[in-house]
Amino acid sequence: MSIVSTKPYLLRAIWQWCIDQGFTPYIATAVDEHTRVPPGYARDGQIVLNLAPDATGQLQMENDFISFQARFGGVAHSLVIPVANVIAIYARENGQGMAFEPEFEEDAAGLEDEAVDGEEAAGTEAVVEDMGDAAAQARAEAADGAGDASPRPPRGTHLKLVK
């Protein structure tokens with residue numbers, strides 16, 4: 001019998017603290033072949049996601065994965081995030097939370113199998129599989145066109161200069 005990491009318990013505790021305080025819980029996660037997120041939303045192999053109850057549906061924070069449904073551009077998607085890939089969880093309003101080292105060395109294939117089994121029971125396996133194929137295709141297209149594309153202009157900021 002192996003010892004379960006404290007990470008999923010800390011994630012659930014900080015999520016609950018954020019909700020109790022009226023804050024918006026965000027997670028930052030590394031995106032790899034075991035992470036199911038809508039293609040095109042990850043930046044530099046990472047994505048930040050809002051885990052507030054009003055932004056997610058069917059949120060499950062298990063010991064091996066976090067799964068939920070969320071809307072991106074008005075379209076509902078099923079997301080699966082391996083707990084091993086979570087980099088941080090924090091409150092958007094004040095930044096309080098906890099950072100973690102991603103655990104890429106673990107056998108994440110087993111995590112994916114468990115996540116897919118859980119999705120089969122809910123009848124959403126096809127959505128998860130299609131997103132995985134689309135994400136792989138988007139990564140391949142980005143790699144093919146990486147030398148052709150001009151660098152993206154810097155994004156505007158929400159900060160104002162006060163004199």
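The figures that follow rest on heavy atoms only: side chains count, while hydrogens, waters and symmetry mates do not.
- Listed by first and then second residue, the ring pair (Phe, Tyr, Trp, His ring centres under 6.0 Å) pairs that reach into residues 42-61 come to none, sequence neighbours excluded.
- Here the straight-line distance linking atom CD1 of Ile47 with atom CZ of Phe72 works out to 5.0 Å at 0.5 Å rounding.
- Ile81 is listed as a side-chain neighbour of Val37, based on a closest heavy-atom distance under 4.5 Å.
- The OG atom of Ser67 sits 13.0 Å away from the CZ atom of Arg36 when rounded to the nearest 0.5 Å.
- If you chain together hydrophobic residues whose side chains sit under 4.5 Å apart, Leu49 and Leu10 fall into the same group.
- Note that CD of Glu101 is 8.5 Å distant from NZ of Lys7, once rounded to the nearest 0.5 Å.
- Here CG of Leu11 is found 5.0 Å from CE of Met61. Values are rounded to the nearest 0.5 Å.
- Looking at Asp44, its side chain never comes within 3.5 Å of a backbone N or O of Gln46 through a donor-acceptor pair.
- Taking the side chain as every heavy atom from C-beta outward, Asn63 and Arg12 approach each other to under 4.5 Å.
- The CZ atom of Phe100 sits 10.5 Å away from the CD1 atom of Ile27 when rounded to the nearest 0.5 Å.
- Residues Thr35 and Leu79 are not in side-chain contact: their nearest non-hydrogen atoms beyond the backbone lie 4.5 Å or more apart.
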When the side chains of residues 17-26 are checked against the rest of the protein, which donor-acceptor pairs come out under 3.5 Å, sequence neighbours left out?
| residue | atom | partner | partner atom | Å |
| --- | --- | --- | --- | --- |
| Asp20 | OD1 | Gln16 | NE2 | 2.9 |
| Thr24 | OG1 | Glu93 | OE2 | 2.8 |

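- Heavy atoms only, all atoms of each residue included: Pro82 and Val80 are closest at CD-O, 3.9 Å.
- Connection of Met98 to Tyr9 is not established within any shared hydrophobic cluster, with ILVMFWY side chains joined at heavy-atom distances below 4.5 Å, either directly or through further cluster members.
- Under a hydrophobic clustering in which Ile, Leu, Val, Met, Phe, Trp and Tyr are joined whenever their side-chain heavy atoms come within less than 4.5 Å, directly or via other members, Val31 and Phe68 fall into the same cluster.
- Formation of a donor-acceptor pair under 3.5 Å by the Asn85 side chain with backbone atoms of Ala30 is found in this model.
- In this structure, Leu51 CG and Ile14 CD1 are separated by 12.0 Å, a value rounded to the nearest 0.5 Å.
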